[in-house]
Amino acid sequence: AGLNVEAKVGYGHLLTFQAGYTYNHSRYIQPEQWSPTIAPQRRMFRTPDHYGYFLLNIEPVKHFHILTNGKVTGNMLVQHFAGYIPEDKEVTTPVFFEWDVKLCYDIPLYKHYTLEINAGVKNILDNFQNDIDQGMNRDAGYVYGPSMPRTFFAGINLHILFDTYLVLLIVREYMVVTAWFLIHLKSHRKYHYISFRNVLFLHLFLQHISFLIFHFQKIQLYHFLFF
C-alpha cells in the first residue's frame, strides 16, 4: 500500500518549482527469515516508508540559472552480514536529506550553439553513511544513503539546439533518396558495380546520423569534481 503526491508550479521564465512525496508501506505476507541469529522480519529491507523530493529552477537574470534540488529518504531496515562485525544484525538507517545546488550561465555563440559554464555543490550538508565496513571481511552490500559525500564541481557544456521539424525533414529526404536508389539500382546497368548491400548500409548510416543529431544535443566539454 502507498500514496504518491506531486505538484508543479511556475512563473514564466523566472521560477519553476516541483515537489513530491511518497508513502510506501511494504511488508512481507510471511515473515522473512534471512539469518539464523535474527528473528523473522515482515518489513521489507531497503524500502523506506517515506520519501520526498523538490526541484527549484530560478532565472533571476537572462541566461543565469540557479538550480537546486533535494531529496529526503526516510529510515529503512538494512541487512548487515557478519564479517567485519561479529554476527549478523539488522540496522535501521537514519533519515537522509541530500541537497544539491548548481549555478550556470549560458553564453549564446552562434544560432543554435550555446556554451554553458557551471559550478556547484552536491550533498551540501554532507549527509553520508558513517559506518561503512572496512578490510577484507567487509560486507560489500552494506551500503546505504547518498552515493557521494560533499562534492564541489565545475564544468563547461556545449548545447546544440536543433529545430525538430528541420531534423525530421532531413531524415525524410534521406529515406526518400535512398529508396529511389534501391528501386532504380537494378534497372541501370552502368551502376552494376554498386552493390545492394552498400546502398542499404548508406541508408542505415544516414538514419543513425540523423538520430544522433536529434538526440545528442548536449556535449560535455570539461567536468571537474572536488571532494
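In this text, all values refer to a predicted model and were calculated from it rather than measured experimentally. Numbers for residues simply follow the sequence, beginning at 1.
A donor-acceptor contact shorter than 3.5 Å links the side chain of Glu59 to the backbone of His63. Proximity of a side-chain donor or acceptor of Asn123 to a complementary backbone N or O of Asn127 within less than 3.5 Å is detected. The main-chain N or O of Ile124 is never found under 3.5 Å from a side-chain atom of Glu98 such that the two would form a donor-acceptor pair. Between the side chain of Thr68 and the main chain of Leu56, no donor-acceptor pair closer than 3.5 Å is present. Put simply, the side chain of Arg42 gets close to the backbone of Tyr28: a donor and an acceptor are under 3.5 Å apart. Of the possible polar contacts, one joining the Asn118 side chain to the Gly155 backbone as a donor-acceptor pair under 3.5 Å is found. Remark: the backbone N or O of Phe81 is not paired with any side-chain donor or acceptor of Glu87 at under 3.5 angstrom. With Asp126 contributing its side chain and Arg150 its backbone, the two residues share a donor-acceptor pair below 3.5 Å.
In this structure, Val78 and His80 have side chains that are not in contact, with every pair of non-hydrogen atoms separated by 4.5 Å or more. Side-chain atoms of Phe45 and Trp34, non-hydrogen and from C-beta on, do get closer than 4.5 Å to each other. Counting only heavy atoms from C-beta outward, the side chains of Ile107 and Ile117 approach each other to under 4.5 Å. The shortest side-chain heavy-atom distance between Tyr21 and Val72 does not fall under the 4.5 Å cut-off.
A side-chain donor-acceptor contact under 3.5 Å links Glu90 and Gln41. Counting only N and O atoms by type, the side chains of Asn57 and Thr16 include no donor and acceptor under 3.5 Å apart. No hydrogens or angles considered: a donor-acceptor pair under 3.5 Å links the side chains of Tyr53 and Glu6. Between the side chains of Tyr144 and Asn75, not a single donor N or O lies within less than 3.5 Å of an accepting N or O. Looking only at atom types and distance, the side chain of His65 has no donor-acceptor partner in the side chain of Tyr105 under 3.5 Å away. Judged purely by distance below 3.5 Å, without hydrogens or angles, the side chains of Asn24 and Thr22 never pair a donor atom with an acceptor atom.
Rounding to the nearest 0.5 Å gives a distance of 14.5 Å between CE of Met76 and CE of Met44. The line from CG of Asp88 to OG1 of Thr37 is 4.5 Å long, rounded to the nearest 0.5 Å. Note that CZ of Arg138 and CD1 of Ile85 are 14.5 Å apart. Values are rounded to the nearest 0.5 Å.
A centroid separation of 6.0 Å or more is found between the aromatic rings of Trp99 and Phe54.
One finds a salt bridge joining Lys102 and Glu116 here, because a Lys/Arg side-chain nitrogen approaches an Asp/Glu carboxylate oxygen to under 4.0 Å. Between Lys71 and Asp100, none of the side-chain N atoms (NZ, or NE/NH1/NH2) sits under 4.0 Å from a carboxylate O, so this pair counts as no salt bridge.
When all heavy atoms are compared, the tightest approach of Leu67 to Cys104 is CD1-SG, 3.5 Å. Residue Arg46 comes nearest to Pro48 through the heavy atom pair O-CD, 3.8 Å, listed as atom of the first residue, atom of the second, then distance. In terms of heavy-atom proximity, Val143 sits nearest to Gln129 at CA-OE1, 3.3 Å. Pairing each heavy atom of Pro60 with each of Ile66, the nearest pair is CG-CD1, 4.2 Å. When all heavy atoms are compared, the tightest approach of Ser26 to Thr47 is OG-CG2, 3.5 Å. The two residues Lys8 and Gln18 make their nearest non-hydrogen contact at CD-OE1, 3.9 Å.
Linking Ile, Leu, Val, Met, Phe, Trp and Tyr whenever their side-chain heavy atoms come within less than 4.5 Å puts Val121 and Ile58 in one cluster. Residues Leu15 and Val61 are members of one and the same hydrophobic cluster, defined by side-chain heavy-atom contacts under 4.5 angstrom among Ile, Leu, Val, Met, Phe, Trp and Tyr. Under the 4.5 Å side-chain heavy-atom criterion for ILVMFWY residues, a single connected hydrophobic cluster contains both Val95 and Phe97. Hydrophobic cluster membership is shared by Ile156 and Leu109, with clusters built from Ile, Leu, Val, Met, Phe, Trp and Tyr side chains linked at under 4.5 angstrom. Follow the hydrophobic side-chain contacts under 4.5 Å out from Leu125 and you never reach Tyr51; the two are in separate clusters.
Remark: Lys122 qualifies as a cation-pi partner of Phe153 under the 6.0 Å distance and 45° angle criteria applied to the six-membered ring.
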Yes or no on side chain to side chain contact (heavy atoms under 4.5 Å, CB included) for Asp131 and Tyr142, after CA distance, side-chain angles and deciding distance?
CA-CA 9 Å; Asp131 62 343; Tyr142 183 61; 2.6 Å; yes

Walk me through whether Lys89 and Asp139 qualify under salt bridge (charged side-chain N to carboxylate O under 4.0 Å, His left out).
CA-CA 12 Å; Lys89 70 175 182 178; Asp139 178 6; over 6 Å; no

